[in-house]
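The first residue in the sequence is number 1, and the count goes up from there. For ligands, and for the atoms within them, numbers begin at 1 and follow the listed sequence.
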Amino acid sequence: MFLVRKYAIDKQSGQLLLDWAKPYENFVYIKERDIAVFLSKGSKKNELSGELVARKDFAHSDDLIQKMVRLIKEEFHHFEQVLEIMHSRGIEYQNVRAGRYAKGMMKEVRTHEPATLIDKLIVGAFIEARSCERFAKLAPYLDDELKKFYISLLRSEARHYQDYLTLAQAISVTDIGDRVAHFAAVEAQLISSKDQDFKFHSGAPVIAACI
Ligand SMILES: [Fe+2]
């Protein structure tokens with residue numbers, strides 16, 4: 001959502017995106033946590049309330065909008081699906097601090113355009129691809145409902161990482177292979193080195209942290 005707002009649309013359209021995110025943001029950050037109300041069909045979530053107008057000064061606006069809006073929609077939907085499952089299993093929603101993973105890669109993002117955008121898209125691709133891999137690895141160990149759900153998620157993640165990479169290459173005038181290789185090395189370090197914090201994208205768990 002940040003990338004679409006920063007590069008592809010004007011301020012007015014940006015407000016439509018912010019409005020779209022508002023119920024989710026309120027739920028997570030302002031802690032308006034009536035799950036039943038949040039999940040009720042009439043609550044009008046996951047709908048953009050108008051047409052986004054592409055900025056003409058960026059050649060890839062339309063492509064970025066089209067791919068990212070679909071991705072955002074799916075991620076919001078996944079969030080609701082997770083809440084539904086948690087609700088049905090009597091698990092309370094709690095805020096969780098972000099691990100080191102995404103931050104560790106964002107540190108490597110170059111600070112001039114269009115390199116910043118290209119690198120951020122590559123980072124996005126790694127986050128999605130790693131989710132895809134971990135959902136696949138975990139699915140066989142879960143009960144039927146979660147197994148099915150994880151497999152549906154990994155299918156989306158596989159599409160998401162390809163969307164990010166396709167965008168990165170379309171925007172870059174040179175081959176992005178060297179940047180992908182760079183982030184692959186950084187990412188490998190983050191997922192394989194010891195990590196005290198046990199999260200979906202964490203490194204090798206330190207046993208005491210998992211108990
Ligand atoms: Fe995703």
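- The atom name of the N/O/S atom in Glu128 closest to the Fe ion (ligand 1) is OE1.
- Salt bridge Arg159/Glu74: present, at least one basic N to carboxylate O contact under 4.0 Å.
- Looking at Glu75 and the Fe ion (ligand 1) together, the shortest N, O or S contact belongs to OE2.
- Side-chain atoms of Gln15 and Asp19 include a donor-acceptor pair closer than 3.5 Å.
- Between the side chain of Ser88 and the backbone N or O of Ile85 there is at least one donor-acceptor pair closer than 3.5 Å.
- The nearest N/O/S atom of His160 to the Fe ion (ligand 1) is ND1.
- Looking at Glu157, its N, O or S atom nearest to the Fe ion (ligand 1) turns out to be OE1.
- With hydrogens and angles left out, the side-chain atoms of His160 and Glu157 include a donor and acceptor closer than 3.5 Å.
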